[in-house]
There are 2 protein chains.
Amino acid sequence: MGVLSRNSVTILDVARLARCSITTVSRVLNNSSHKVNEETRKRVLEAIRELDYRPNALAKSLLSKRTMTIGAVVPDISNPYYAEVVRGIQDTADQEGYTVLIQNTDRSSDRLRRGIHILREKNVDGFIFTGGLHGMERIGELLCELKERTVVIGRLEEEFPSVRVDNEQASILAAEHLVQKGYHRIAYVSGALYSTTMVDRLEGFRKALKQFNLPETPGYIQEGKQTLESGYEAMRRLLSLPEKPEAILFANDQMLFGAMKALSERGLRVPKDFAVIGFDNVPLCSYFDPTITSIEIPKYELGQAATRLLFSLIRGENPQTPLWFPVRLIERESTSASKLRSMDRQKGKKLPTF
Amino acid sequence: MGVLSRNSVTILDVARLARCSITTVSRVLNNSSHKVNEETRKRVLEAIRELDYRPNALAKSLLSKRTMTIGAVVPDISNPYYAEVVRGIQDTADQEGYTVLIQNTDRSSDRLRRGIHILREKNVDGFIFTGGLHGMERIGELLCELKERTVVIGRLEEEFPSVRVDNEQASILAAEHLVQKGYHRIAYVSGALYSTTMVDRLEGFRKALKQFNLPETPGYIQEGKQTLESGYEAMRRLLSLPEKPEAILFANDQMLFGAMKALSERGLRVPKDFAVIGFDNVPLCSYFDPTITSIEIPKYELGQAATRLLFSLIRGENPQTPLWFPVRLIERESTSASKLRSMDRQKGKKLPTF
DNA sequence: TGAGCCATGGAAAAGGTTTTCCTTGCAATG
DNA sequence: CATTGCAAGGAAAACCTTTTCCATGGCTCA
């Protein structure tokens, strides 16, 4: 051990120390089928340990045309939703010895383009896209030879293999839940519509209005930006409407949390005065007061499945796609029968509900 | 344009098309000082465009021993604190044409070791560590030749250049604030003590107790795990003590949010029944109800400064270090004079306070 | 006329692997 | 004894660049 050499040690150094050729060292290293004498192998292994030799991945990649690296393009890593997806990707990649190179787009198509170029130049073995940009010019052209090694989480361009949840259906599910609870005047706060996810969720809400014969009141559909602040402002706009909604569906939990502030500022309470329901089911939902009903998206699993799908592509297989994942509604206090709850709270008797 | 070739095009292809040697192509590519005829240059550029040629970064790196990639080792990317630090790193690296390879350690020293090995194998040009592991065997040995191209955010091993905040002083600041507000029975909820940050914050709290002559009640210092759940449980333990604290300092905001649930379950209110104060000042602090007093850590700036420090190291400079960053206390409702606030809320007259 | 300089271009080495192909020596088989 | 086959090892090509060094031809200046 030891010998913390300043400049890195190469396979040649090992060969010299083990008194053999670099070919033999390479064979031991990759335990190739070509036989090597047990004694020689010992010497080589000893030399490797002695020098703390590690093969240079660059040289290896140059030859094998495999970098064991995949690129992930995400809109915003500090959003808990994508953070969880990325975890799924990283863990799964790691299991197969792959590394993940993450590019933030900040939801700008310029940065998206730039990110793709960087990743291509770094010779990634495949791409995972998430948080698709809606209405951006065709992405396929930028990918070139990597086009066949690209998977999408969600919906981007139809040609790509993808891993998805049915966001339209999810919105309908949420609306149905509210209807069953007896709410009719339902508002919707959307995220920015350059994301296909946001487009689908909004579309689903519109369909639900029709399906359940709900009124479509002007101003009941607000568009925001998937941030706390944007949710806060959207809520204030809703509160300034002449005829207030009874329940609000938010296209993501962040916006909902922001909106809660607008409510409490007015002394309004959930679920007594409004029912609210979110999207994504981030961890805070079960810790907020009141706990928040939300549509659970299997974030980690999406990342995991996308990565597995990509590996299957890399292996040259022809996997079935799209892969659909189920969503489910997690009911919590924010949509529970209102009168009952507010009494409980006053008596300070609430039990833990996660 | 076009010709979306299946297998990548090399500098040789360009040379052939432009009827010159690869040397010449390389020269126009890196516009070297060696003169090349204007007409030839035209032909080369035309060929490059025609074939959509992009130099292979792998081959370039193999030669130059520079990968234009830096490695970042973080405990948990889905923690909003580290997400923000990473943003600072990525943005800054990007400006200089560098890419960032992120390794999650999940706070396990095994995964830390593994992460370092992977990054070394990928030939990163430098390391940034954050969320130092306390009491782990010396990390320097794992870094070998990269030891001189490593910076730390926080405190890890004294020999490394670092970018820091004074966490001890920050805890004292928080305690002082509570004392000034008239609180004396102060509890502290710590994160897991394998993080040097958490060690320092706790140490600061202990010093503050002495400095302000506060009682050190048994059970008033709880240790948890920097998660919502852990904060919830710590709070429940505090609430079961015979003599309850008046104010609680949390070693991070996540734990504080978790604790809020434990409080509301008991019908207890902040700041009426308890004052609470957090650490990190994540965005939600200003949107929670009540808004949360927290110690602001310049997360993005820490990442930014660390990256700049690293670049300075890579350039062979000998920068001054450690670099200290200021913290400040952001006062919000969770520690404001209690009687007043609770009246406001009942009248529904509260104004927006961020 | 010849020496030296400049503009332009190419050949080849280097970087660290893996892999293909070849060599050597020895044992077994006829 | 001659032939075949196998175990073990090495040489060299290939991967794609950049960079150093050399070659050529034309021009200027003494």
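Naming: A, B, ... by sequence-line order, numbering from 1 per chain.
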Please report, rounded to the nearest Å, how far the [atom2] atom of [N] is from the [atom1] atom of [X].
X	N	atom1	atom2	answer
L29(A)	dT17(C)	CG	C1'	10 Å
N30(B)	dT20(D)	CG	P	12 Å
R41(A)	dA7(D)	CZ	C1'	13 Å
K42(A)	dG9(D)	NZ	C1'	19 Å
L58(B)	dT18(D)	CG	C1'	15 Å
N31(B)	dT18(D)	CG	P	12 Å
L12(A)	dA14(C)	CG	C1'	13 Å
E38(A)	dA8(D)	CD	P	9 Å

**Request:** Please work out if T40(A) contacts a base, only the sugar-phosphate, or nothing of the nucleic acid, heavy-atom cut-off 4.0 Å.
**Result:** sugar-phosphate

Quiz: residues 307-314 of chain A side-chain donor-acceptor pairs under 3.5 angstrom, not counting sequence neighbours:
| from | atom 1 | to | atom 2 | distance (Å) |
| --- | --- | --- | --- | --- |
| T307(A) | OG1 | G303(A) | O | 2.7 |
| S312(A) | OG | E317(A) | OE1 | 3.3 |

**Request:** Report yes or no: do Y300(A) and D91(A) form a side-chain donor-acceptor pair below 3.5 Å?
**Result:** yes

**Message:** Is it true that T67(B) and D125(B) share a donor-acceptor pair across their side chains at a distance under 3.5 Å?
**Reply:** yes

**Request:** Any chance you could list the contact pattern along nucleotides 10-16 of chain D? Use B for base contacts, S for sugar-phosphate-only contacts and - for none, protein heavy atoms under 4.0 Å, 5' to 3'.
**Result:** BBB-BBB

**Request:** Might you confirm whether atom CD of E38(B) has over 12 heavy atoms from other residues, nucleotides or ligands at distances under 6.0 Å?
**Result:** yes

**Prompt:** For the residue pair L101(B) and V100(A), what are the closest heavy atoms and their distance?
**Reply:** CD1-O, 3.5 Å

**Request:** Using the closest heavy atom to pick a nucleotide of DNA chain D for each, name whichever of R43(A) or S26(B) lands nearer the 5' end.
**Result:** R43(A)

**Asked** How far does CG of L112(A) sit from CZ of R107(A), to the nearest 0.5 angstrom?
**Response** 12.0 Å

